[in-house]
Structures are given as structure tokens and as C-alpha cells.
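We count residues from 1, following the sequence as given. Because only heavy atoms are used, hydrogens play no part in the values below, and waters and symmetry mates are left out as well, while side chains stay in. Keep in mind that what you see is a predicted model, and the values were worked out from it rather than measured.
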Amino acid sequence: MTAPTRTPERQRARVYAWAPPARRRPPVMRVLPNLLLGPYALSVFLITLLPASQAGKVTGVVDALASWIDARVPQLQSYALLEFLANVALFVPLGVLLRWGWPRVPWWMITLVGLAMTVTIESVQTMLPSRFPAISDVIANTAGTAVGGLLVTIQAKVFRRR
């Protein structure tokens, strides 16, 4: 009888590299962003779909910011600038919450979620007499979602290096 021969796979020695255990986020930090998404989405839909007079009551902060910008920027430019920046700021939390709650989803896919949400809002606004849909809103809202997602991505990379 012949002895079994060793194949090249059997001759390779197994090498075990030590790696520190992966840092897991506490359970609250994994669940909290997903819990906050519901109230956030509801507030965005109320702000964007209520008649303009009622939405102004919901967002009193915007009036204060508008008067602050109005004092520093010419009247015609201030409204367009304020509206664009307000739309960006309104959707930054969406990008943050989605990226924080779904860390394995790339930021560009989160941006697509923001785009889909914005297109839905603007489509519904076409049917509302007191609302005026605009392409600039789609651009600003999508940019806000991308900024939020990128902020969390950058923050995560910075903390991983430490």
C-alpha cells in the first residue's frame, strides 16, 4: 500500500492574524436614527404639503431667519437664497438619519432616497392650489440629503482612523 500524498493545499500552513474585535454601536445608537425617521418624515410632509399659511405657523424659525437675511442681502436675492438654503437645511437631517441608521448603505443611495422623497413631494404639490413645485427645490433637497449623508460618512472615517 502506498502512503497518501500531500497536495499543495495540505502543505500550506494556516496563518491566523489577530485583529481587534469590531466595535459595535450600542443598541440605542442603532435603533434611535430609525425611530427618529418617522417623526422627521411626518414633519417634512407637513411643512411641504400644508397650505403655505399654515406651514408658516409650523416653521416660525424660518421667519426669524428670513428677517435676519433680509437685513443683509438685497430683497430680490434674499428670498431666492433663503428658500434654497432652507430646502437644503430641511433635508440635511434626512441624510444624517438615513446614513446613521443604515451604515452599510452608500451615501449616494441615500441621496437617491432623498431625491425620491423630493420628487414625491413636488409631484403632490402640483395638485395643491397653494403650493408651487420647482426644480430648484428638487436640487436643493437632494443636495441637502447628500450633504447629510456625506457628513456622517466623513465623521465615521475620521473616528475609524483614531
How far apart are the C-alpha atoms of L37 and L98, what are their side-chain angles, what is the distance that settles it, and do they pass the side-chain contact (heavy atoms from CB on, under 4.5 Å) test?
-> CA-CA 8 Å; L37 272 173; L98 288 175; 3.6 Å; yes
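- Note: the hydrophobic cluster containing L128 also contains I47 (ILVMFWY, side chain heavy atoms under 4.5 Å, direct or indirect links).
- Under a cut-off of 6.0 angstrom, the local environment of CD1 in I135 is sparse, with at most 12 non-hydrogen atoms contributed by other residues, nucleotides or ligands.
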For side-chain contact (heavy atoms from CB on, under 4.5 Å), just list the numbers for V147 and F91, CA-CA rounded to whole Å, side-chain angles, deciding distance to a tenth of an Å, and then say yes or no.
-> CA-CA 9 Å; V147 166; F91 275 75; over 6 Å; no
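- Every residue meeting the side chain to side chain contact (heavy atoms under 4.5 Å, CB included) condition with A140, not counting sequence neighbours, appears here in chain and number order: F84, N87, V88.
- Under the side-chain hydrogen bond (donor to acceptor under 3.5 Å, both in side chains) criterion, T153 pairs with R99, sequence neighbours left out.
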Ignoring hydrogens and angles, write down the donor-acceptor pairs under 3.5 Å from the side chains of residues 109-123, residues two or more places apart or on other chains.
unit_1 : atom_1 : unit_2 : atom_2 : d
T111   : OG1    : W107   : O      : 3.0
T118   : OG1    : G114   : O      : 2.8
T120   : OG1    : A116   : O      : 2.8
E122   : OE1    : A134   : N      : 2.9
S123   : OG     : V119   : O      : 2.7

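- Listed by chain and residue number, L32, L97 satisfy the side chain to side chain contact (heavy atoms under 4.5 Å, CB included) test with L36 (two or more places apart in sequence, or in another chain).
- Under the 4.5 Å side-chain heavy-atom criterion for grouping Ile, Leu, Val, Met, Phe, Trp and Tyr, V138 is connected to W108 within one hydrophobic cluster.
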Show the numbers, then the answer: is there a side-chain contact (heavy atoms from CB on, under 4.5 Å) between L90 and T48?
-> CA-CA 10 Å; L90 183 64; T48 57; 4.2 Å; yes
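- The two atoms that bring R131 and L49 nearest to each other are NH2-N, 4.3 Å, heavy atoms only.
- The closest side-chain heavy-atom distance from Y40 to F45 is not below 4.5 Å.
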